[in-house]
Amino acid sequence: MGKRIILAVDFDAFYCAVEEKRDPTLVGAPFIVYQKDCIATLSYPARELGLHKLGSVAAAVRAHPHVRLVNGESLAPYREQGKRLWTFVRAALPGCTIERLGLEEMWIDVTALVESNLAALIEADVLFKGLSEEVTDGLDQGVRLSLATAAAAPEATTGPGEFGYSDGEESSAAAPLETSFLCEDFFFQTPAHVFPTSHGATMPAFLQTESPNPEEFYLDFKLYIASHIARELMLRISLGLGYSCSMGVATNKTLAKMVGSLHKPGGLTVLISSAAREFMGVCHVHKVPYFGAKSRHTLQDAMGHDSARDGDLRVESVWQRYDRPQFSELYPPGQGDKLWALLQGEDDTPVRETGRVQKQVSIEDTYKELTSIPLAEQALQPLLESLLRQLRVDMIGDDGAWLGFPTVLRLAVRVSTGPSTVSNRVSHSHTLTSFAPFYTLPELETSRDLAALAERMRHSLVVPMLHKLCVGQGFRLTGTGPIYFQLLNVAATGVVARKPVITSAAVKPAPTGPIRSAKPARQRKMLDFYFTRK
DNA sequence: TCGGTGGAG
DNA sequence: TATTCTCCACCGA
């Protein structure tokens, strides 16, 4: 089995880039996109002041009174722009599998695309002769690389110069993108940073050396082809959409993502295949994806690191201290081996095509003075309205048809007896199919009275769920003891492909007291009943 | 299946 | 530490 070629794309300071489009006077200015007192992200000029993500907004303003502030509590504009970028990239690389990570990152499996280009280069005899006279004849002055695999879009190629970059709204949807590009510097210039840098002067080392290992030669050549494709994609994104991104090219998702972060913003970095271990060794443990706070803490405890030296823990030192069995013992069964593999730069997880529809939509807010159950009941109203609005955006396509159907409503809260007492989230779920108006009334599809629909949901579904949660946490519904709701979250989950059938049996009178949760078997029967068969 | 945890941006 | 507002995978009950 040949190794895969994976491209990781990460849009630079994405929330900031979106805000700069909304307000061009922000371009070049130090500014913060905040949520409550939290710095969600910040422009590169703001980073140069020494400010950081997740820092306190108040402290930042104290230290730098001239830093500008942009409220980023509503994620709607970022979701919308993120979707636009994704659509554009999908159109630019027809036939490639693309997985989204958050709003602003993607992995693209370009293996097949690169291999079909490699085959074409070999066939044209370009690979070993370079651009000799006989080869350049009929090739213009360079090499033409395809952005679509031969299987994906054989008929789509058009002549050079027909690709129309547009900065308009509909750029991605409108004209089909040119699926090939002339790559004039193919043999002469490294289009990317290379790790390790000793390989990267002006030409990849594999072109300069006798290759002792043909497999490695071809693998590195494929990475090199991928880097040209990546460069072209970056250019198209920049010209077509006006966004800057950084990219990484490697043989798996983790490595691609990690090298991609080496030269931000705007950088493109290729990891030479034989250097994966060397690369991982010099990385800091906290830079390894999926090696999160908890896993790191476990490791630091075991290694006797004090937390002040968090950032100093190199993967190399972990290798020196442990072998695989010793390391794995630090973690629950199964988890240790996965983390160990990650530290070796091994990651066989496939790039999974991200579906058109999310699996859940949730809306939440945090509070300081939400100190009674009736107040919390009121606070649910705007949350539910937001949820319905977002569902309309995410679950209903441009043609007005539903793309997916949520079947479960979840309410999550953080509630405690004091304003700053730490407490975990607790949640409760209830089937949405018992709330007939959700699917049967036209409000959600068309527009208007979301507020009324939200109000009905609140009364008949969500308030009883809130009561149940409160009781479960030891609070009394009529009690007078102190109660602090720190967070409320409402989510529509359990998204299925086909519309649940709401029969008259489902239209029950609103429950007046706390909902009694149905027994699992009974719930199962209800779902069977509500869904269309065949 | 539900609810909680941990990880991502 | 968790901080914000999410979305997802995974695990035990």
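In what follows, every chain begins at residue 1, and chains take the letters A, B, ... in the order their sequences are listed. Values below: every heavy atom of this structure, side chains too, minus hydrogens, waters and symmetry copies. Note that the structure is predicted; figures quoted are calculated from it, not measured.
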Self-check item: Closest-nucleotide 5' rank along DNA chain C - winner of T366(A) and V357(A)
Solution: T366(A)

Quiz item: What pairs with D347(A) under side-chain hydrogen bond (donor to acceptor under 3.5 Å, both in side chains), at least two apart in sequence or on another chain?
Solution: T254(A), T349(A)

Can I get a per-line list of side-chain donor-acceptor pairs under 3.5 Å for residues 331-340 of chain A, giving both atom names and the distance, sequence neighbours left out?
unit_1	atom_1	unit_2	atom_2	d
Y331(A)	OH	S295(A)	O	2.6
D337(A)	OD1	R324(A)	NH1	3.1
D337(A)	OD1	S328(A)	OG	2.5

Distances for protein N or O near nucleotides 11-13 of chain C N or O, under 3.5 Å:
none

Self-check item: Cationic tip of R90(A) above W86(A) ring, under 6.0 Å, 45° of axis
Solution: yes

Quiz item: Can you name the ring-ring contact (aromatic ring centres under 6.0 Å, His included) partners of F475(A), sequence neighbours left out?
Solution: none

Quiz prompt | All salt bridge (Lys or Arg N to Asp or Glu O under 4.0 Å) counterparts of R277(A), not counting sequence neighbours | solution = none

Exercise. Respond yes when some side-chain nitrogen or oxygen of K36(A) is under 4.0 Å from OP1 or OP2 of dT3(C), and no when none is.
Key: no

Exercise. Report the distance from atom CZ of R352(A) to atom P of dC8(C), rounded to the nearest whole Å.
Key: 14 Å

Quiz item: When all nucleic acid strands are considered with a 4.0 Å heavy-atom cut-off, which category describes I39(A): base, sugar-phosphate, or nothing?
Solution: nothing

Practice problem: Could you check whether D365(A) gets within reach of a base, just the sugar-phosphate, or nothing at all, counting any heavy atom under 4.0 Å? | Solution: sugar-phosphate

Exercise. Taking the six-membered ring of Y78(A) (Phe, Tyr or Trp), confirm whether the NZ or CZ of K83(A) is under 6.0 Å from its centre and within 45° of its axis.
Key: no

Quiz item: Any side-chain N or O of S362(A) under 4.0 Å from OP1/OP2 of dC5(C)?
Solution: no

Quiz item: How is S74(A) classified with respect to the nucleic acid when contacts are heavy atoms under 4.0 Å: base, sugar-phosphate, or nothing?
Solution: nothing

Quiz item: CG of N489(A) versus C1' of dT6(C): gap in Å, rounded?
Solution: 8 Å

Quiz item: L411(A) CG to dC2(B) P: how many Å, rounded?
Solution: 15 Å

Quiz prompt | Distance, rounded to the nearest Å, where Y331(A) contributes OH and dC10(C) contributes P | solution = 19 Å

Self-check item: Spacing between I363(A) atom CD1 and dC5(C) atom P, to the nearest angstrom
Solution: 11 Å

Pairs under 3.5 angstrom only: tabulate donor-acceptor contacts from the side chains of residues 7-17 of chain A to other protein residues two or more places apart or in another chain.
unit_1	atom_1	unit_2	atom_2	d
D10(A)	OD2	K264(A)	NZ	2.7
D12(A)	OD1	S246(A)	OG	2.7
D12(A)	OD2	S244(A)	OG	2.5
D12(A)	OD2	C245(A)	N	3.3
D12(A)	OD2	G266(A)	N	3.0

Self-check item: Those residues that, when tested against K36(A), pass side-chain hydrogen bond (donor to acceptor under 3.5 Å, both in side chains) (two or more places apart)
Solution: D365(A), T366(A)

Self-check item: Residue mapping more 5' on DNA chain C - nearest nucleotide basis, G72(A) or V422(A)
Solution: V422(A)

Quiz item: What does nucleotides 4-9 of chain B look like as a protein-contact string, B for base, S for sugar-phosphate only, - for none, at under 4.0 angstrom between heavy atoms?
Solution: SSSSSS

Quiz item: Do the charged groups of E385(A) and R458(A) touch, with an N to O distance under 4.0 Å?
Solution: no

Quiz item: Looking at Q35(A), does any N or O in its side chain come under 4.0 Å of the phosphate oxygens OP1/OP2 on dC5(C)?
Solution: no

Quiz item: Quick one: is dT3(C) close enough that its OP1 or OP2 comes under 4.0 Å of any side-chain N or O from R414(A)?
Solution: yes

Quiz prompt | d(OH, Y78(A); P, dC5(C)) in whole Å | solution = 12 Å

Practice problem: For M106(A) and dC7(C), give me the distance from atom CE to atom C1', rounded to whole Å. | Solution: 16 Å

Exercise. Sticking with atom P, work out how far dG3(B) lies from dT4(C), rounded to a whole angstrom.
Key: 25 Å

Practice problem: Whole angstrom is fine here: how far is it from CG in L51(A) over to C1' in dT3(C)? | Solution: 15 Å

Self-check item: Test ring-ring contact (aromatic ring centres under 6.0 Å, His included) applied to Y322(A) - qualifying residues, sequence neighbours left out
Solution: none

Quiz item: Counting side-chain heavy atoms from C-beta on, which of dT3(C), dC5(C), dT6(C) comes nearest to R79(A)?
Solution: dT6(C)

